Participant: 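Here it is, the structure in full.
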Amino acid sequence: METVNTLAQQAVFVDDSALITFMDPDNPHYAKARSFFIDLDDLDRHFVTTNYVLFATHQWLRDRHGYAHAEFFLDTIDKSVEQGRLTVIPGHSEWEKEAKEFVTKHPDFRFSLAEAMCSIVLMRFQISRMFTFNPNYVMLQMIYPDLKIIPSSI
């Protein structure tokens, strides 16, 4: 996990809303997502996500665009990992417990367990940049002020 910690401090965490938007040409933010991914890649930013995010994105793509599109997504993820552009952080039962506690401790955030899990990972690995189209994460800045949300206009 030391490699993840070192990479994560300069990395951009990508959530399911960013991945879904990037993979869905029907999404009104599709062009923006593609542009941001290209810009971040040009800046040599490393991307980080969790297997939970990948599971949710794969299911959404399968249900919305079909199995072949979801499989293409997994192939793209595998290539990104192989090329060293993406790190996938596996789940951990302790973090799942922390996510449940986070939801209970911060009811005003109205986070889902998935959003809480992303929050736990961001804070645990001190990842200060997040690429998301989910406006709920703005609330996280109340307890994690170093967090910068990309794009800033969500």
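Computed over heavy atoms, backbone and side chain alike; hydrogens, waters and symmetry mates excluded. On a predicted model such as this, the values are computed, not experimentally measured, just so you know.
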Participant: Can you name the nearest heavy-atom pair linking Arg129 to Ala11, along with the distance?
Facilitator: CB-O, 3.7 Å
Participant: Are a donor atom and an acceptor atom from the side chains of Gln126 and Tyr144 found within less than 3.5 Å of each other?
Facilitator: no
Participant: If I take atom CZ from residue Phe13 and atom OG1 from residue Thr132, how far apart are they, to the nearest 0.5 angstrom?
Facilitator: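 That separation rounds to 9.0 Å.
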Participant: Please check this pair: side chain of Ser128 against backbone of Leu147, looking for a donor-acceptor N/O pair closer than 3.5 Å.
Facilitator: no
Participant: Judged by modelled atom types alone, do Asp15 and Ser17 share a side-chain donor-acceptor pair under 3.5 Å?
Facilitator: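 Their side chains do contain a donor-acceptor pair, which is all the 3.5 Å distance test asks for.
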Participant: Do Leu54 and Tyr67 belong to the same hydrophobic cluster, where Ile, Leu, Val, Met, Phe, Trp and Tyr are linked whenever their side-chain heavy atoms lie under 4.5 Å apart, directly or via other members?
Facilitator: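 Leu54 does not cluster with Tyr67.
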Participant: Hey, quick one: are Phe133 and Tyr30 part of the same hydrophobic cluster, counting side-chain heavy atoms closer than 4.5 Å, chains of contacts allowed?
Facilitator: no
Participant: Kindly list each side-chain donor-acceptor pair under 3.5 angstrom involving residues 57-66, sequence neighbours excluded, with atom names and distances?
Facilitator:
from	atom 1	to	atom 2	distance (Å)
Thr57	OG1	Val53	O	2.8
His58	NE2	Glu71	OE2	3.2
His65	NE2	Asp24	OD1	2.9

Participant: Can you measure from CD1 (Ile20) to CZ (Phe73) and round to the nearest 0.5 angstrom?
Facilitator: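 The CZ atom of Phe73 is 8.5 Å from CD1 of Ile20, to the nearest 0.5 Å.
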Participant: Test of understanding: with ring pair (Phe, Tyr, Trp, His ring centres under 6.0 Å), list the residues that count as partners of Phe111, not counting sequence neighbours.
Facilitator: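 Here the qualifying residues are Phe102, Phe109, Tyr137.
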Participant: What about Phe47 and Phe37, are their ring centers closer than 6.0 Å?
Facilitator: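 That pair passes the under 6.0 Å test.
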Participant: Find out if a path of hydrophobic residues (ILVMFWY) with successive side-chain heavy-atom gaps under 4.5 Å connects Val48 to Phe55.
Facilitator: no
Participant: For Leu113, what are the other residues in its hydrophobic cluster, where any two members join if their side-chain heavy atoms are less than 4.5 angstrom apart?
Facilitator: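 Val103, which link up through side-chain heavy atoms under 4.5 Å apart, make up the rest of the cluster.
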Participant: Can you name the closest pair of heavy atoms from Val121 and Ile127 and give their distance?
Facilitator: O-CD1, 4.3 Å
Participant: Distance check, rounded to the nearest 0.5 Å: Arg34 atom CZ versus Phe22 atom CZ?
Facilitator: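 CZ of Phe22 is found 4.5 Å from CZ of Arg34.
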Participant: How far does CD of Glu98 sit from OG of Ser119, to the nearest 0.5 angstrom?
Facilitator: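 Reported value, rounded in 0.5 Å steps: 11.5 Å.
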Participant: Roughly how far apart are Leu122 CG and Leu140 CG, rounded to 0.5 Å?
Facilitator: 6.5 Å
Participant: Please report the shortest heavy-atom distance between Met139 and Asp108, naming the atom on each side.
Facilitator: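 Here Met139 and Asp108 meet closest at CE-O, 3.8 Å.
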